[in-house]
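These values consider heavy atoms only, across backbone and side chains, with no hydrogens, waters or symmetry-generated copies. Note that the structure is a prediction, hence the values are computed from the model and not measured.
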Amino acid sequence: MTNKKRQLAPKYNPTEVEAGRYKFWLDGKYFEATGDKNKEPFSIVIPPPNVTGRLHLGHAWDTTMQDTISRMKRMQGYDVLWLPGMDHAGIATQSVVENKLREQGKTRYDLGRDKFIDTVWDWKEEYANHIREQWGKLGLGLDYSKERFTMDEKLSDAVQEVFVKLYEKGLIYRGEYIINWDPVTKTALSDIEVIHEEINGHFYHMRYPIKDSEEVIEIATTRPETMLGDTAIAVHPEDERYQHLIGEKVVLPIVGREIEIVADDYVDMEFGSGAVKITPAHDPNDFEIGNRHNLERVLVMHEDGTMNGNAGKYEGMDRFECRKAIVKDLQTLGVLIKIEDHLHQVGHSERSGAVVEPYLSTQWFVNMQPLADRAVELQKGEDKVNFVPERFEQTYLNWMENIHDWVISRQLWWGHRIPAWYHKETNEVYVGKEAPEDIENWRQDEDVLDTWFSSALWPFSTMGWPDEESEDFKRYFPTDVLVTGYDIIFFWVARMIFQSLEFTEEKPFEDVLIHGLIRASDGRKMSKSLGNGVDPMDVIEKYGADSLRYFLLTGSTPGQDLRFYWERVESVWNFANKIWNASRFVLMNMEDFKYEDIDLSGELTLPDKWILTRLNETIQNVTQNTDKYEFGEAGRALYNFIWDDYCDWYIEMAKIPLNSDNEAAKQTTRSVLAHVLDQIMRMLHPYMPFITEEIWQQLPHEGESITVAAWPTYNEEYHDEVASKEMKQLVDIIKSIRNIRAEVDTPMSREIPIMIKAKNDTVQITLDKNRSYLERFCNPSELTIATEVRAPEDAMTAIVTGAEIFLPLEGLIDFEKEIARLEKELKKWESEVELVTKKLSNEGFVNNAPEKVVEAERQKQIEYTDKHEKVKQRLEELKK
RNA sequence: GGUUUCGUAGCUCAGCUGGGAGAGCGCCACCUCGACAAGGUGGAAGUCGGGGGUUCGAGCCCCUCCGAGACCACCA
């Protein structure tokens with residue numbers, strides 16, 4: 001037992017480190033919200049991923065941030081609930097499953113509604129398992145005892161509750177309007193599900209003959225096939241060119257229908273000919289005009305985008321085929337005047353990519369204005385939702401302030417079926433959570449709700465709402481922070497806010513942390529079609545989850561996109577390996593040192609005091625920045641502290657007492673080494689959970705798991721500014737000596753004498769006290785430290801604050817070169833002195849700048865003047 | 001048309017409420033020193049997109065121009 005040396009493998013192997021660790025955490029139930037009333041609750045709900053497939057890097061990024069926040073909060077003593085779950089993702093999932101069926105030569109209609117839905121559930125179960133497995137690989141501290149799915153019974157109940165309540169309030173209505181129609185998936189889409197892309201199209205100019213007249217009227221369109229559904233021509237009421245034609249009839253070419261010329265304010269006199277064809281069934285503006293003028297609505301297409309019976313001889317043609325045919329026919333008839341190239345925005349379905357058809361259809365809508373007003377009002381007050389970064393609040397508000405009604409019915413099978421029934425005879429509409437009693441006389445609406453209708457309720461439906469007395473709802477709602485990408489602010493964030501306000505009277509979360517998109521290394525979006533996607537699981541396999549996580553967390557600033565680089569993940573691996581090896585060193589020197597043996601009350605060395613001070617600074621930095629969601633800054637502070645301070649300096653210096661015979665000194669050094677490493681592991685844990693748990697378990701520690709260890713706090717007792725200054729001086733001197741040696745190319749292994757002329761006794765005592773470090777780092781054959789040192793002729797010189805350093809290097813110095821080097825240095829100090837003097841003689845500066853800044857400049861002046869003087873003296877000596 | 005982000009070392013990016021520019025990778029030289037060569041030590045490298053302004057002082061604030069991107073928007 002006594003001589004048991006703790007060991008780590010010589011190389012960091014993430015696969016080994018991570019294996020079994022997640023299970024250990026789950027078995028320990030460390031991620032489960034305790035409900036402990038002595039603790040403050042802290043809650044986050046995961047943005048539920050679609051059950052359509054595997055998680056991508058964007059998910060990994062998004063969830064890692066949440067994990068980092070919740071792990072820190074848990075360690076800080078909060079009762080943390082991070083609630084997992086998934087989204088049924090109606091249109092996306094249904095499409096995927098339908099594609100699968102298609103491979104078997106089947107359609108959903110072959111199976112029928114019930115069978116099809118069963119098939120989708122099977123799919124869901126399979127993919128939910130994939131997703132959980134991936135969450136595990138990422139190390140996410142989720143409370144699976146509270147996992148939810150948007151189509152769970154209880155969550156479905158919440159959906160119905162909301163639908164019925166909104167209906168009763170008149171905030172949901174059904175009606176026939178122009179909506180965005182996707183002819184491929186054959187469903188209505190909301191405005192934000194339509195992606196506008198710039199397309200090189202054509203502008204077709206046509207000339208319609210006025211009835212009983214020689215006159216013609218010129219109109220233009222980008223969609224000539226819709227002329228089959230034209231029921232009017234509109235001109236501006238004040239347009240002098242057309243005054244005499246208002247009320248006249250036009251004979252629609254090909255169709256032969258007579259349509260009227262109407263006057264409407266909507267028409268822009270400046271644009272085109274100032275006359276517009278009106279197709280109320282295929283254009284939202286035309287629909288409005290049609291309403292104002294009581295125009296007939298002629299739908300000319302089927303739901304799949306082919307032309308219907310109203311299209312006459314074009315019936316059965318695809319809409320784009322029809323376009324070509326019509327253009328040809330119009331040309332033949334001489335109606336078509338010209339075709340111009342025209343760059344314009346064309347809407348495409350977010351899911352299928354199909355060109356969206358504005359289409360007359362009966363759908364359910366949410367009347368958004370009252371809901372949006374409330375959400376906007378919230379942001380005007382004190383208790384608003386905090387967007388991080390702030391600028392996204394404006395994006396959100398712009399949308400809310402220009403809100404349009406929301407089409408919520410979808411012509412799909414997979415989703416929450418609309419709780420509306422129509423009487424078979426009277427056509428009466430019944431809306432309610434329960435089906436009507438004489439069900440045989442009613443038929444339920446075939447449609448389901450937009451997926452986002454249920455997602456909008458996620459922060460409270462998952463907590464037990466509409467049961468407002470549910471424990472979870474009372475304790476964990478509203479949640480503390482929501483983390484998501486800027487691409488779904490409208491889809492989700494906005495809708496959660498207004499639904500939450502409407503139904504719970506509270507905002508759903510305090511903060512919204514918005515991040516960007518993951519891009520490929522060339523800056524393009526990662527996408528299946530480009531084949532440039534990177535599977536997070538591949539990254540984990542190669543470099544480990546910790547490396548991936550740290551890369552994601554520190555790779556960009558909040559709200560900014562992030563490019564994926566394998567090289568950078570690799571360099572994080574290097575960092576992890578460094579941590580691994582530093583820990584390995586510490587463990588090799590621990591003997592049977594235990595956690596209780598950590599004792600910082602012994603005599604602390606200069607490096608001890610310094611590293612503890614730096615630890616304090618790092619604790620403050622990391623805590624504050626993580627709280628601000630500045631993971632990049634926090635990560636950098638940790639990186640520098642671990643690599644530069646702890647590894648490069650402290651460990652190297654600790655080797656002296658560790659290799660000595662002084663048992664007391666050894667124990668103190670072990671204490672500091674162990675304590676600082678323990679604190680490092682804790683701070684790093686939310687960033688790199690696996691490696692830190694592994695090392696922490698090997699280190700002298702107390703407690704079962706680092707996941708529930710206390711978060712480090714600033715310790716005033718070990719904050720020593722004086723020691724920090726001394727250490728800085730020591731480091732300066734060591735670096736200068738290394739620098740000179742590098743210049744004359746003498747390896748550190750070669751012993752040479754070193755003479756240090758201290759400026760005063762204080763410096764000399766400090767250096768004398770710490771000469772063991774100078775000896776270890778500079779390897780001199782002889783080390784002289786005194787206030788009176790005569791510089792040998794054949795020495796190279798370095799001037800540092802408070803000291804002059806001479807290295808007698810007989811035969812190694814080229815005097816000409818040395819003089820040139822010093823002259824260069826002299827010039828440097830000269831200009832520094834000049835600059836700082838100029839600044840200090842500037843009254844504006846001295847009077848306006850903060851005292852701290854001015855004082856710093858004064859110190860610099862003294863220092864630089866001294867250095868300048870010393871270099872000058874040395875030069876004169878050499879030149880003699 | 002409106003809103004918005006970005007332009008800093010060869011590459012990718014930091015730079016906190018203005019106080020004299022940093023990291024990673026890459027590059028050059030040297031080093032097997034008992035944690036780590038995936039490492040150590042030293043080094044080269046930037047007119048902070050251009051111009052103007054505010055200020056004692058600007059990478060940071062304001063204006064303007066150039067360049068790249070994102071989002072929103074019913075102009076037929």
Side-chain angles (χ1 to χ4, degrees), chain A residues 8 10-12 178 191-192 196 203 219-223 226 234 266-268 270-279 283-288 342 344-345 358 389 391-392 394-395 398-399 402 404 486-487 489-490 516-517 521 523 551 554-557 559-563 565 567-568 570-589 621 624-625 628 630 632-633 635-636 639-640 647-648 651-652 655 659 735 738-743 745-749 776-777 779 832 835-836 839 842-850 852-854 856-857 860:
Chain A
L8 289 179
K11 201 164 107 176
Y12 163 58
I178 299 281
D191 292 346
I192 47 179
H196 292 274
F203 212 15
I219 54 102
T221 181
T222 53
R223 298 187 296 151
T226 61
Y266 164 77
V267 180
D268 179 358
E270 308 298 316
F271 191 85
S273 65
V276 193
K277 63 188 271 304
I278 301 299
T279 323
D283 184 281
N285 295 308
D286 293 6
F287 177 79
E288 295 296 329
H342 185 58
H344 63 145
Q345 298 283 332
R391 67 184 134 93
F392 290 110
Q394 197 189 332
T395 310
N398 282 345
W399 189 73
N402 298 291
H404 296 278
Y486 58 66
D487 51 331
I489 292 176
F490 306 141
L517 259 42
S521 55
F551 161 73
T554 60
S556 85
T557 30
Q560 228 52 49
D561 289 350
L562 170 63
R563 291 194 196 188
Y565 282 93
E567 303 90 297
R568 291 188 58 188
E570 189 180 346
S571 85
V572 178
W573 185 96
N574 291 352
F575 176 45
N577 189 49
K578 188 75 181 176
I579 295 165
W580 184 261
N581 276 291
S583 306
R584 189 163 166 259
F585 169 82
V586 172
L587 287 169
M588 286 168 86
N589 287 285
N621 188 327
Q624 284 166 12
N625 278 308
K628 287 193 293 184
E630 290 279 359
E633 286 301 303
R636 243 160 269 129
Y639 189 101
N640 292 335
C647 293
D648 288 352
I651 285 185
E652 288 310 316
K655 285 174 182 172
N659 293 332
K735 283 191 163 181
R738 283 174 171 171
N739 189 317
I740 296 178
R741 299 181 68 142
E743 203 143 331
D745 204 10
T746 60
M748 284 314 240
S749 56
R776 178 177 174 89
F777 284 88
N779 198 33
E832 289 290 350
L835 202 68
V836 75
K839 207 166 180 179
N842 179 343
E843 274 183 42
F845 173 74
V846 180
N847 294 335
N848 294 316
K852 220 177 96 185
V853 176
V854 179
E857 289 300 313
K860 269 194 216 164

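Atom name C1', nucleotides B:G18 and B:G53: the rounded distance is 15 Å, in whole Å. On the P atoms, B:C27 is 42 Å away from B:C72, given to the nearest whole Å. With both ends at atom C1', the span from B:A9 to B:A14 equals 13 Å, rounded to whole Å. As rounded to the nearest Å, B:C48 and B:C6 have C1' atoms that lie 14 Å from one another. Separation of the P atoms belonging to B:C13 and B:A73 is 29 Å when rounded to the nearest angstrom. Spacing between B:U12 and B:C71 at atom C1', rounded to whole Å, works out to 25 Å. Nucleotides B:G51 and B:G26 are separated by 34 Å at their C1' atoms, to the nearest Å. Across B:U41 and B:U4, the matching C1' atoms stand 46 Å from one another, rounded to whole Å.
Taking the centre and axis of the six-membered ring of A:Y639, the NZ or CZ atom of A:K578 falls outside the cone set by 45° and 6.0 Å.
Across the protein-nucleic acid pair, A:Q345 atom CD and B:C71 atom P stand 10 Å apart, rounded to whole Å. Rounded to whole angstrom, the span from the CD atom of A:Q560 across to the C1' atom of B:G15 amounts to 14 Å. Protein atom CZ of A:F490 is 15 Å distant from nucleotide atom P of B:U3, rounded to whole Å.
Here the nucleotide nearest the side chain of A:C647, chosen from B:G20, B:A76, B:A35, is B:A35. The side chain of A:M588 lies closest to B:A35, out of B:A35, B:U3, B:U5. In this structure, of B:C13, B:C74, B:C75, it is B:C74 that holds the atom nearest to the side chain of A:H404.
One donor-acceptor pair, N or O on each side, does fall under 3.5 Å between the base of B:A35 and the side chain of A:E652. Judged by atom type and distance alone, A:K839 reaches the base of B:G20 through a side-chain donor-acceptor pair under 3.5 Å. Judged by distance alone with a 3.5 Å cut-off, no donor-acceptor contact links the side chain of A:N842 to the base of B:C56.
With hydrogens and angles ignored, the 3.5 Å screen pairs a side-chain donor or acceptor of A:N581 with a backbone N or O of A:N577.
Looking only at side-chain heavy atoms (C-beta outward), A:Y486 and A:D561 come within less than 4.5 Å of each other. Residues A:V854 and A:F845 form a side-chain contact, since some pair of their non-hydrogen atoms from C-beta on lies under 4.5 Å apart.
A:Y266 and A:D286 share no side-chain donor-acceptor pair at under 3.5 Å.
Taking 4.0 angstrom as the limit, A:N581 places none of its side-chain polar atoms (N or O) nearer than this to OP1 or OP2 of B:G39. When the side-chain nitrogen and oxygen atoms of A:S571 are compared with OP1 and OP2 of B:C25, none of them lie within a distance under 4.0 Å. A sub-4.0 Å separation between OP1 or OP2 of B:C36 and a side-chain N or O of A:N574 is absent. Between A:K655 and B:A35, a side-chain N or O to OP1/OP2 separation shorter than 4.0 Å is present. For A:R563 and B:C13, the shortest distance from a side-chain N or O to OP1 or OP2 is below 4.0 Å.
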